[in-house]
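Data first, discussion second: the structure below is written as structure tokens.
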Amino acid sequence: MSKETKKKKLALHWKILIGMGLGVLFSLILLSTSWGASMTSVKVKGEEFPISNAELFVRNWVKPFGNMFINALKLIAVPLILGSLIKGVSDLKDISKLSKMGLRTILTYLATTIIAVSIGLLIVNLVQPGKTITEETRENLIENYSGEAGKRISSAEEQKESGPLRALEDLIPDNIFSAATDNGNMLQVIVFAIFFGVGLILIPVDKSAPVKAFFDGFNEVILKLIDLIMLVAPIGVFALMAGLVVESPSQDLFVALLWYAISVVIGLLLMILVYVMLVWIFTKRSPKFFLNGISPAQLLAFSTSSSAATLPVTMERVEEHLGVKEEVTSFVLPIGATINMDGTSLYQAVAAIFIAQAFGMDLDLYAQLGIIVTATLASIGSAAVPGAGMVMLVIVLAQAGIPEAGLALIFAIDRPLDMLRTTVNVTGDASVSMLIAKSVGKLGDPSVKDWDDHYKKEVI
Ligand code: ASP
């Protein structure tokens with residue numbers, strides 16, 4: 001490639017940002033035209049519902065492209081986990097290395113989540129956003145959103161009804177093919193892949209070599225598919241953002257919830273600062289290097305609100321742009337995407353206290369400590385899909401004795417906050433994978449072409 005064409009090539013995160021900006025602009029312009037703003041109706045199950053022309057147009061002609069993009073990302077999530085985790089685990093060569101890395105990963109994830117909940121509690125107690133909600137606004141919100149809140153409460157109820165060991169029991173799939181048919185069963189696929197990888201370590205090398213070679217090649221194919229999908233990322237995020245803008249609820253309710261949203265946003269920003277500092281202190285990689293490397297995954301997390309859909313890109317960025325060896329990314333990141341949700345836990349803490357404040361309840365220190373425990377567990381249990389954090393919030397509310405109907409209060413603004421917390425969730429996974437890589441000597445310099453050699457040098 002000549003120097004000039006190289007110069008003209010825009011970095012991926014800029015292309016994604018431009019796509020997002022144009023998507024928002026497109027819908028805003030459409031909504032401001034008299035045709036776009038005028039109402040029409042759609043028939044759903046024989047019933048007519050009013051809808052603006054703009055929303056109908058975007059729903060029919062723009063959003064499908066966004067859905068196709070998300071589907072493509074989700075499509076490769078299961079093969080990616082299977083391929084890379086089996087290869088990653090078997091590359092570790094002995095079981096003690098695996099258990100060492102496993103323990104460190106889980107403990108670090110737990111530590112970052114507890115930091116996140118604590119930051120959330122601190123901010124919400126300082127800002128006290130719930131105190132700004134008037135009686136009238138509260139009733140207004142509850143009236144508007146109680147139906148939606150009810151749906152979340154009943155899906156949380158289903159989770160609650162199961163016994164205390166249910167989560168553990170669910171880790172072991174009874175059939176790998178059925179587990180692999182549902183992206184919600186990612187943890188089961190992870191367990192199978194680790195188990196398979198362990199088996200591969202334990203058999204003689206002449207038998208394991210062809211199986212490993214197969215997964216090596218398989219992995220390469222999947223990584224190439226991610227590259228191909230990312231070529232259309234700017235179009236995908238354009239469509240997703242355009243869809244979000246036309247579907248967002250009325251602005252007045254947004255304003256009423258401004259202080260609550262600001263509290264969550266301050267907390268999330270602080271959390272990003274914590275990651276950057278951790279990476280800087282423990283791996284000596286600068287904030288610019290870290291944020292530049294991970295930004296396309298962050299933007300994708302923002303547009304899709306799903307850590308699971310973002311996982312393929314997170315893995316690619318952390319490996320190829322942050323210099324973490326595949327043995328670490330393939331293990332740490334899929335687990336992180338399913339259990340490490342710092343943004344979600346922070347949001348759950350803020351939301352729980354906000355609702356309590358709005359209902360005039362004062363939670364003492366003991367109750368707030370309880371929230372640290374439940375929000376940590378609830379975030380671990382949240383699926384890596386849009387809106388999952390809100391379903392699990394019901395459990396945090398119930399444990400703390402806060403009215404679950406309060407969910408209706410925060411509904412109007414949940415989607416934008418979901419986008420932001422998912423961004424933090426993904427950033428958290430990436431930073432922890434760097435810390436783990438450093439601690440086991442698997443962090444290299446991605447700018448060195450043959451970085452396998454470089455990495456050997458660094459380790460030696
Ligand atoms: N959407 C979040 C994620 O995928 C989960 C949540 O709703 O908080 O990470």
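Counting convention: from 1, in listed order, for ligands and their atoms alike. Numbers here simply count residues along the sequence, with the first being 1. Computed from a predicted model, the values in this text were never measured in an experiment.
Asp342 and Ser379 share no side-chain donor-acceptor pair at under 3.5 Å. Side-chain atoms of Ser84 and Glu326 include no donor-acceptor pair closer than 3.5 Å. Judged by distance alone, the side chains of Gln399 and Thr374 never bring a donor and an acceptor atom under 3.5 Å apart. Thr113 and Asn340 are linked by a side-chain donor-acceptor pair at a separation below 3.5 angstrom, with hydrogens and angles left out of the test. Side-chain polar atoms of Asp418 and Thr422 form a donor-acceptor pair below 3.5 angstrom.
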Ligand 1 polar-atom proximity to protein (N/O, under 3.5 Å):
| residue | atom | partner | partner atom | Å |
| --- | --- | --- | --- | --- |
| ligand 1 | 1 (N) | Ser305 | O | 2.9 |
| ligand 1 | 1 (N) | Val385 | O | 3.1 |
| ligand 1 | 1 (N) | Asp418 | OD1 | 2.8 |
| ligand 1 | 1 (N) | Thr422 | OG1 | 3.1 |
| ligand 1 | 4 (O) | Ser307 | N | 2.9 |
| ligand 1 | 4 (O) | Ser307 | OG | 3.2 |
| ligand 1 | 4 (O) | Ala384 | O | 3.3 |
| ligand 1 | 4 (O) | Val385 | N | 3.4 |
| ligand 1 | 7 (O) | Ala388 | N | 3.1 |
| ligand 1 | 7 (O) | Gly389 | N | 2.7 |
| ligand 1 | 7 (O) | Asp418 | OD1 | 3.3 |
| ligand 1 | 7 (O) | Arg421 | NH2 | 3.0 |
| ligand 1 | 8 (O) | Thr344 | OG1 | 2.6 |
| ligand 1 | 8 (O) | Arg421 | NE | 2.6 |
| ligand 1 | 9 (O) | Ser307 | OG | 2.4 |
| ligand 1 | 9 (O) | Asn425 | ND2 | 2.8 |

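Remark: the backbone N or O of Val332 is paired with a side-chain donor or acceptor of Tyr109 at under 3.5 angstrom.
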